[in-house]
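Encoded as C-alpha cells, the structure appears first; notes follow it.
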Amino acid sequence: MVNPGPHDKHALIFEVVREVPYGKVATYGQIALLAGLPGHARLAGYAMFNLPEDLADSVPWHRVINSQGRVSYSESRRGNDHRQRELLEQEGVEFDSRGRIDLARFGWKPE
DNA sequence: AACCTGACGACGC
DNA sequence: GGCGTCGCCAGGT
C-alpha cells in the first residue's frame, strides 16, 4: 500500500504505475483500467499531477503517457514534460521526429 | 449548487 | 492521420 491519505484512488493508481517495467510505457487509460477504475483516465492524469514528492523515486511516473503515444504537455508542468522525455530516452525508449513513441514496440503489455 | 478546468480518450469527419 | 466534439470525473472558486 502506498500513502493511503485522503485519496485512496490515487494510491491505487500509484500502485499500478509501480508495475510498469523499465523501458516500457503505459497510457493513462491503461493505468486506470488496471487499477480497477475503467474510464477514469483523467483521474489517472490528475493523480500523476499530484504525485507526492516523496514517491517520485518509487513510482516511475515518467512511464505514463497518453493514448497517442505522446508525453502530455501542459503549461502547468513547467518543464517536467521535457524531463519525462529525457528519463524515457535514458531507458532506451525512442521518440520519432514528431515526438511520438511507438506503443507497439514500447507499450507495456502485462501478462 | 453552478460552473470551470484539466498530465484523458473514443469517435466522427 | 489531424482536428474538433463530447463524455468523463475530481477539485477549486
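In what follows, chains carry the letters A, B, and so on, assigned in the order in which the sequence lines appear, proteins first and then strands, with residues in each chain numbered from 1.
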Item to complete: Check whether any side-chain N or O of R100(A) sits under 4.0 Å from OP1 or OP2 of dG2(C), and answer yes or no.
Response: yes
Discussion item. Counting only side-chain heavy atoms from C-beta out, which of dG9(B), dA7(B), dA10(C) sits nearest to Q84(A)?
Written reply: dA7(B)
Item to complete: Find the partner of dG1(C): check Watson-Crick (N1-N3 plus N6-O4 or O6-N4) and G-U wobble (N1-O2, O6-N3) distances, both under 3.5 Å, and reply none if neither fits.
Response: none
Worksheet item: In whole Å, what is the span from the CD atom of Q68(A) to the C1' atom of dC3(C)?
Response: 10 Å
Worksheet entry | E91(A) to K24(A) - nearest heavy-atom pair and separation | OE1-N, 4.5 Å
Worksheet item: Does the side chain of S72(A) get closer than 4.0 angstrom to OP1 or OP2 of dC8(B) through an N or O atom?
Response: yes
Practice prompt. Determine: side-chain N/O of S76(A) to OP1/OP2 of dG6(B), distance under 4.0 Å, yes or no.
Written response: no
Worksheet item: Does one side chain, of Q84(A) or R63(A), offer a donor that lies under 3.5 Å from an acceptor on the other?
Response: no
Worksheet item: To the nearest angstrom, how far is R42(A) atom CZ from dG9(B) atom P?
Response: 10 Å
Worksheet entry | Distance test, side-chain N/O of R98(A) to OP1/OP2 of dG2(C), below 4.0 Å | yes
Practice prompt. Tell which nucleotide pairs with dA7(B), taking only Watson-Crick or G-U wobble pairs whose two distances are both under 3.5 angstrom.
Written response: none
Discussion item. I want to verify a distance call: between dG6(B), dG2(C), dG11(C), whose nearest atom is closest to the H10(A) side chain?
Written reply: dG11(C)
Item to complete: Test for a donor-acceptor pair under 3.5 Å between the base of dA7(B) and the side chain of Y28(A), counting only N and O atoms.
Response: yes
Discussion item. Tell me the interatomic distance from L51(A), atom CG, to dA10(C), atom P, rounded to whole angstroms.
Written reply: 19 Å
Worksheet entry | Evaluation steps, side-chain contact (heavy atoms from CB on, under 4.5 Å), between I101(A) and D96(A) | CA-CA 6 Å; I101(A) 296 170; D96(A) 66 16; over 6 Å; no
Discussion item. Could you identify the nucleotide paired to dC8(C), looking across every strand shown and requiring Watson-Crick or G-U wobble geometry with both distances under 3.5 Å?
Written reply: none
Discussion item. Looking only at the side chain of H40(A) (C-beta and beyond, no hydrogens), which of the listed nucleotides dC9(C), dG9(B), dA7(B) gets closest?
Written reply: dC9(C)
Discussion item. Can you measure H62(A) atom NE2 to dA7(B) atom C1' for me and round it to whole angstrom units?
Written reply: 15 Å
Worksheet item: Distance under 6.0 Å and angle within 45° of the ring axis: does R100(A) meet both against F95(A)?
Response: no
Practice prompt. Whole angstrom is fine here: how far is it from CG in L12(A) over to C1' in dA10(C)?
Written response: 15 Å
Practice prompt. Please report, rounded to the nearest Å, how far the C1' atom of dC8(B) is from the CD1 atom of I13(A).
Written response: 12 Å
Worksheet entry | Nearest-angstrom distance from the residue atom CZ of R63(A) to P of dA7(B) | 22 Å
Fill in: Nearest-Å distance for atom pair CG/C1', residues N66(A) and dA7(B)
8 Å
Discussion item. Could you check whether any side-chain heavy atom of L34(A) comes within less than 4.5 Å of a side-chain heavy atom of P110(A), counting everything from C-beta outward?
Written reply: yes
Worksheet item: For DNA chain C, whose closest nucleotide is more 5', that of Y46(A) or that of G39(A)?
Response: G39(A)
